[in-house]
Protein chains: 2
Amino acid sequence: MRIVVALGGNALLRRGEEMTAENQRRNVRVAAEALAPLAREHQLVISHGNGPQVGLLALQGEAYEKVGTYPLDVLGAQTEGMIGYMIEQELGNILPFEQPFATILSMVEVDPDDPAFQHPTKPIGPVYDEEDARRLAAEKGWTLAPDGKGFRRVVPSPKPKRIFQIRPVKWLLEKGCIVICAGGGGIPTMYGPNRTLHGAECVVDKDRASALLARELEADLFVMATDADAVYLDWGKPTQKAIRRVSPEALAGFGFAAGSMGPKVEAAIEFATRTGKTAAIGALADIVRITRGEAGTLVTPQVEGVELYP
Amino acid sequence: MRIVVALGGNALLRRGEEMTAENQRRNVRVAAEALAPLAREHQLVISHGNGPQVGLLALQGEAYEKVGTYPLDVLGAQTEGMIGYMIEQELGNILPFEQPFATILSMVEVDPDDPAFQHPTKPIGPVYDEEDARRLAAEKGWTLAPDGKGFRRVVPSPKPKRIFQIRPVKWLLEKGCIVICAGGGGIPTMYGPNRTLHGAECVVDKDRASALLARELEADLFVMATDADAVYLDWGKPTQKAIRRVSPEALAGFGFAAGSMGPKVEAAIEFATRTGKTAAIGALADIVRITRGEAGTLVTPQVEGVELYP
């Protein structure tokens, strides 16, 4: 099988952990241990998040005042390098030396007319008090939105239209490479005047970009590895139940759009509907069992309605 | 022909320029204009330096005190992402849309027993006064060496033994991709206990790594693009003469090792000697003429002794 695995943020950094290189590397090592059995049996493509990493680079850039902070496309490219390196090295330390790897820098195209540019929603960076928030909005033209007791910068999160490097990724998969790509949702770019491609000041949702990647690669299975072991109905209530298998239509009917599972559910529905293949949401530690249909939530047109775990 | 071009630091940032993303992008655009005609006619592989970029990331990391500065391998990976992105995008804006590109994250292996680890020589980051230099040496275990009126951190610059991603680079060249790789001399790594690969706190010379890349790719021509339009005998004297063509043996006899041309001359000699092919040193603006043998200094076993420009 050809499998695309999108690693959630917790595969790189656990909640509350300090964002040192050592902590990230230790977490990546755990992720690599979980992925290694999959890599031995299947064609494997790995994508990953980069939210906290982009946030840190932006803070470091702000702290060093002699050079202005780099735009989000450039920071995204930096994180693809850093995270791709860690994943490739740690997975390489587990698999046979002969296994070829490639981390492919990935740009995604977004539409300048995407309505997301009128409604920035994705929070990045730290929480500011009201005074700082007002100052930053004036100085930098940022949009700041209330977040808990303070304010955070919010940026647009438009839909990915295209992943430019899809052909090299395919060619390397055909040669037996494990490919790491589309990290952080891909480097956001858009066409300007004269069909010139340039960076876009936004972030693309990693799960959306990974769904597009999986679709364009004609993957047999698309897995979103996250904190939760499955998608739950009635989450947090005494009646909560984990979904075992569900049709995209039935899943769409449950209305997850607003919750934290929203983007993953949306990406799974889109992939399953457009390809007829299976998308899965579950825990990284369960990933081998997920590929066998024994764990996680499988979103597949091959069932009708919903089957729950007992 | 298959051509490996190593872009010098000035292709990304000119002396004295502020290291903004905009300045780097503008310079990369100029480099892309120079490289485009080459890409239309030949198989092209591009490597590049990263000294100032790694220096800036380290300074930004130091300035933001909440999280410790990342090690040199991780910073190197970040710069491969950033610079590869800019080169790929700017060259992509000039060449036909159908032209495939790939930036391949590249790790190089160095030997923990390389004598360079006993004698750090490569300066990185800013100039410190004596008091700061003493404090940093004590606090961080850095080696600091006199540099002009102050002190700079120096790190080891060991020889590259292997580029791990050489197979994916070859495969993509065979498919017609323009490949960007081995940036900054590659991400420095070494084997530790149990044959586990990990990062190395050093930097690998970009020209040495590029020579290894060109050799392993069996390139027909290896070009180091730099500030100077050629290698000169008696540089800076009234008798100075630009070298047109020279055998590796003759070039080795001139003793450039200590000068700023030293690493380039050494890399050119090694490539030409070991492959029988031609290495060239010259200005990026002349690169098409260099590939035709009409500009720059060609180091080739096909001549005896040295031919000077009139």
Side-chain angles (χ1 to χ4, degrees), chain A residues 18-22 24-25 56-57 59-71 73-86 88-90 92-93 97 100-105 107 164-165 167-169 171-172 174-175 177 179-180 183 187 189 194-199, chain B residues 18-22 24-25 56-57 59-71 73-86 88-90 92-93 97 100-105 107 164-165 167-169 171-172 174-175 177 179-180 183 187 189 194-199:
Chain A
E18 214 191 333
M19 201 161 41
T20 60
E22 296 74 25
Q24 292 179 76
R25 188 178 279 283
L56 178 64
L57 283 170
L59 288 171
Q60 290 176 331
E62 295 287 325
Y64 184 74
E65 293 175 358
K66 286 188 197 163
V67 176
T69 312
Y70 285 5
D73 59 326
V74 174
L75 299 185
Q78 291 179 343
T79 65
E80 284 195 351
M82 173 178 83
I83 299 169
Y85 163 57
M86 288 187 180
E88 190 170 330
Q89 192 175 65
E90 293 299 334
N93 277 333
F97 180 77
F101 282 88
T103 300
I104 299 274
L105 206 76
M107 294 186 243
F164 287 99
Q165 289 77 7
R167 286 177 296 169
V169 174
W171 291 329
L172 291 179
E174 286 162 9
K175 290 286 189 180
C177 275
V179 180
I180 299 149
I187 305 168
T189 66
N194 307 318
R195 289 288 291 169
T196 297
L197 194 68
H198 58 83
Chain B
E18 214 191 333
M19 201 162 39
T20 60
E22 296 74 26
Q24 292 179 74
R25 187 178 279 283
L56 177 65
L57 283 171
L59 289 171
Q60 291 176 330
E62 295 285 325
Y64 183 74
E65 293 176 357
K66 286 187 197 165
V67 176
T69 313
Y70 286 4
D73 59 325
V74 173
L75 299 184
Q78 291 179 342
T79 64
E80 284 194 352
M82 173 180 83
I83 300 169
Y85 163 57
M86 288 186 179
E88 190 170 330
Q89 192 176 66
E90 294 300 336
N93 276 334
F97 180 78
F101 282 88
T103 300
I104 299 274
L105 205 76
M107 294 186 243
F164 287 99
Q165 288 78 6
R167 286 177 297 167
V169 174
W171 291 329
L172 292 179
E174 286 162 10
K175 289 287 188 179
C177 275
V179 180
I180 299 149
I187 304 167
T189 66
N194 307 318
R195 290 287 290 169
T196 297
L197 194 69
H198 58 82

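This one's a predicted model, so the numbers in the text were calculated from it and none came from an experiment.
- Neither the backbone nor the side chain of I83(A) has a heavy atom closer than 4.5 Å to any heavy atom of chain B.
- Contact tally against chain B (heavy-atom pairs below 4.5 Å) for Q165(A), R25(A), E80(A): the top residue is Q165(A).
- Between chain B and the residues M19(A), E62(A), E90(A), Q89(A), the largest count of heavy-atom pairs under 4.5 Å involves Q89(A).
- Note that CG of L172(A) and CD of E174(A) are 9.0 Å apart. Values are rounded to the nearest 0.5 Å.
- Between A21(B) and Y70(A), the shortest heavy-atom contact is N-CE1, 3.5 Å.
- By number of non-hydrogen pairs under 4.5 angstrom with chain B, the leading residue of L75(A), T20(A), L59(A) is L59(A).
- Using a 4.5 Å cut-off between heavy atoms, M107(A) contacts chain B through its side chain alone, with no backbone atom that close.
- Once rounded to the nearest 0.5 Å, the distance linking OG1 of T189(B) with CD of E88(A) reads 10.5 Å.
- Contact of Y85(A) with chain B is made through backbone and side chain together, with heavy-atom distances under 4.5 Å.
- Contacts of R195(A) with chain B are made by backbone atoms alone, with heavy-atom separations under 4.5 Å and no side-chain atom involved.
- With values rounded to the nearest 0.5 angstrom, L197(A) atom CG is found 5.5 Å from N93(B) atom CG.
- Comparing A63(B), P100(B), G68(B) by heavy-atom pairs within less than 4.5 Å of chain A, the highest count is held by P100(B).
- Using a 4.5 Å cut-off between heavy atoms, D73(A) contacts chain B through both its backbone and its side chain.
- For a residue to count as touching a neighbouring chain, one of its non-hydrogen atoms must lie under 4.5 Å from one of that chain's; by this rule I187(A) touches chain B with the side chain only.
- Closest approach of A102(B) to I104(A), counting heavy atoms only: CB-CD1, 4.2 Å.
- Most heavy-atom pairs under 4.5 Å with chain B, from the set E18(A), K66(A), K175(A): that is K175(A).
- Considering all non-hydrogen atoms of both residues, C177(B) and W171(A) come closest at SG-CZ3, 3.6 Å.
- Neither the backbone nor the side chain of E65(B) comes within less than 4.5 Å of any heavy atom of chain A.
- Between chain A and the residues N194(B), V179(B), L56(B), the largest count of heavy-atom pairs under 4.5 Å involves L56(B).
- Only the side chain of F164(B) comes within contact range of chain A, with at least one heavy atom under 4.5 Å from a heavy atom of that chain.
- The part of L57(A) that comes within reach of chain B is its side chain, from C-beta onward, which places non-hydrogen atoms under 4.5 angstrom from that chain.
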